[in-house]
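Below, read A as the first sequence line, B as the second, and so on, with proteins coming before strands; counting in each chain starts at 1.
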Amino acid sequence: MAPVTDEQVEAVRALVAAIPSGRVVTYGDIAAAAGLSSARTVGWIMRTDSADLPWYRVIAASGRPAPHLAARQLELLRTEGVLAVDGRVPLRVYRHRLEI
DNA sequence: GACTTGACCGGTC
DNA sequence: CGACCGGCCAAGT
């Protein structure tokens with residue numbers, strides 16, 4: 001397979017790290033902005049190498065993070081001013097506009 | 001090298 | 001709104 005290049009990983013890491021406090025971004029947005037082939041790859045990167053990243057600012061397009069992280073992630077976001085409504089974040093309000 | 005797993009997405013029913 | 005499906009891509013077994 002064609003492993004993700006370090007550049008791609010760095011691009012994703014940079015984008016995630018660049019998300020300002022109080023804002024969130026979807027996996028798909030990051031994938032597109034970083035030039036990755038699919039949003040799944042972003043999820044893979046988060047899973048493997050998210051130690052030094054604000055991964056909690058990355059959520060699914062549904063406005064709701066993965067089940068196992070939802071509670072904790074929403075709590076972390078809440079401390080930054082991102083108020084989740086009924087377990088999901090209103091993307092139309094908090095979605096950060098990535099570099100166009 | 002085939003099969004499964006997983007922090008996804010969009011469309012359809 | 002919830003469930004199912006196909007597509008997507010990398011890693012682990």
Side-chain angles (χ1 to χ4, degrees):
Chain A
M1 304 177 179
V4 176
T5 64
D6 291 348
E7 295 180 358
Q8 299 295 351
V9 177
E10 288 304 316
V12 171
R13 293 166 56 79
L15 286 167
V16 174
I19 304 172
S21 177
R23 297 284 181 100
V24 296
V25 183
T26 68
Y27 291 94
D29 286 350
I30 290 183
L36 285 175
S37 358
S38 82
R40 238 180 159 109
T41 306
V42 177
W44 165 71
I45 294 175
M46 290 293 114
R47 188 180 63 186
T48 57
D49 191 17
S50 65
D52 56 328
L53 291 175
W55 52 269
Y56 50 85
R57 289 181 190 148
V58 182
I59 62 179
S62 324
R64 195 179 145 166
H68 49 281
L69 294 173
R72 175 156 135 169
Q73 187 160 3
L74 291 177
E75 188 178 353
L76 285 169
L77 290 173
R78 193 177 46 133
T79 64
E80 294 189 342
V82 178
L83 302 178
V85 179
D86 194 30
R88 52 196 153 77
V89 178
L91 288 174
R92 67 201 253 139
V93 177
Y94 298 108
R95 189 182 200 178
H96 174 60
R97 196 183 254 273
L98 295 174
E99 330 256 319
I100 305 178

Measure from CH2 on A:Trp44 to P on B:dG6 and round the result to the nearest Å. 16 Å
Just so I know, are the side chains of A:Ile45 and A:Ser50 near enough to count as touching, which here means a heavy-atom distance under 4.5 Å? no
Correct closest heavy-atom pair for A:Ala11 and A:Ala34 would be CB-CB, 4.0 Å
Can you sort out the partners of A:Arg23 under side-chain contact (heavy atoms from CB on, under 4.5 Å), two or more places apart, ordered by chain and number? A:Ile19, A:Pro20, A:His96
Are A:Ile59 and A:Leu91 side-chain neighbours, meaning at least one heavy-atom pair lies under 4.5 Å? yes
Flag, side chain of A:Gln73 to backbone of A:Val58, donor-acceptor distance under 3.5 Å: yes
For atom CZ of A:Arg47 and atom P of C:dG12, their distance in whole Å: 8 Å
Between C:dA10, B:dC8, B:dG6, which nucleotide has the shortest distance from any of its atoms to the side chain of A:Thr41? C:dA10
Partners meeting side-chain contact (heavy atoms from CB on, under 4.5 Å) with A:Glu75 (sequence neighbours left out): A:Arg78
Atom-to-atom span, CH2 of A:Trp55 to C1' of B:dC8 - whole angstrom: 16 Å
Which residues pass the side-chain contact (heavy atoms from CB on, under 4.5 Å) test with A:Ala84, not counting sequence neighbours? A:Leu74, A:Val89
Would you indicate which nucleotide in B:dA7, C:dA10, B:dC8 comes nearest to any side-chain atom of A:Val4? C:dA10
Per-nucleotide pairing state of DNA chain B [Watson-Crick or G-U, under 3.5 Å; [ ] pseudoknot-crossing; | other strand]: .|||||.||||||
Would you tabulate the pairs of protein nitrogen or oxygen atoms and nucleotide nitrogen or oxygen atoms of nucleotides 11-13 of chain B closer than 3.5 angstrom?
none

Which parts of residues 8-30 of chain A get close to DNA chain B, meaning a heavy atom less than 4.0 angstrom away? A:Tyr27, A:Gly28
Anything under 3.5 Å between a protein N or O and an N or O of nucleotides 4-8 of chain C, put it in a table, one pair a line.
{"residue": "C:dG7", "atom": "O6", "partner": "A:Arg40", "partner atom": "NH1", "Å": "3.4"}

Euclidean distance, atom CG of residue A:Leu69 to atom P of B:dA7 [Å, nearest integer]: 8 Å
Quick test: give all pairs of protein nitrogen or oxygen and nucleotides 1-3 of chain C nitrogen or oxygen below 3.5 Å, distance rounded to 0.1 Å.
{"residue": "C:dC1", "atom": "OP2", "partner": "A:Arg88", "partner atom": "NH2", "Å": "3.4"}

Base, sugar-phosphate alone, or nothing: which one does A:Ser50 contact when heavy atoms must sit under 4.0 Å apart? base
Under the salt bridge (Lys or Arg N to Asp or Glu O under 4.0 Å) definition, can you give me all pairs with a residue in residues 33-42 of chain A, not counting sequence neighbours? none
Any idea which heavy atoms bring A:Tyr27 and A:Met46 closest together, and the distance? CE2-CG, 4.2 Å
Could you check which residues of residues 74-87 of chain A get a heavy atom under 4.0 Å from DNA chain B? Sort them by number, please. none
Contacts of A:Arg13 that satisfy side-chain contact (heavy atoms from CB on, under 4.5 Å) - sequence neighbours left out: A:Val9, A:Glu10, A:Asp49, A:Asp52, A:Leu53
Is A:Leu15 close to A:Val25 at the side-chain level, that is, under 4.5 Å between some pair of heavy atoms? no
Minimum heavy-atom separation for A:Tyr56 and A:Leu77, please, with both atom names. O-CD2, 3.4 Å
note: A:Asp49, atom CG; B:dG6, atom P; distance rounded to Å ~ 20 Å
Return each pair, listed once, that meets salt bridge (Lys or Arg N to Asp or Glu O under 4.0 Å) where at least one residue sits in residues 79-89 of chain A; pairs must be two or more places apart or across chains. A:Arg57-A:Glu80
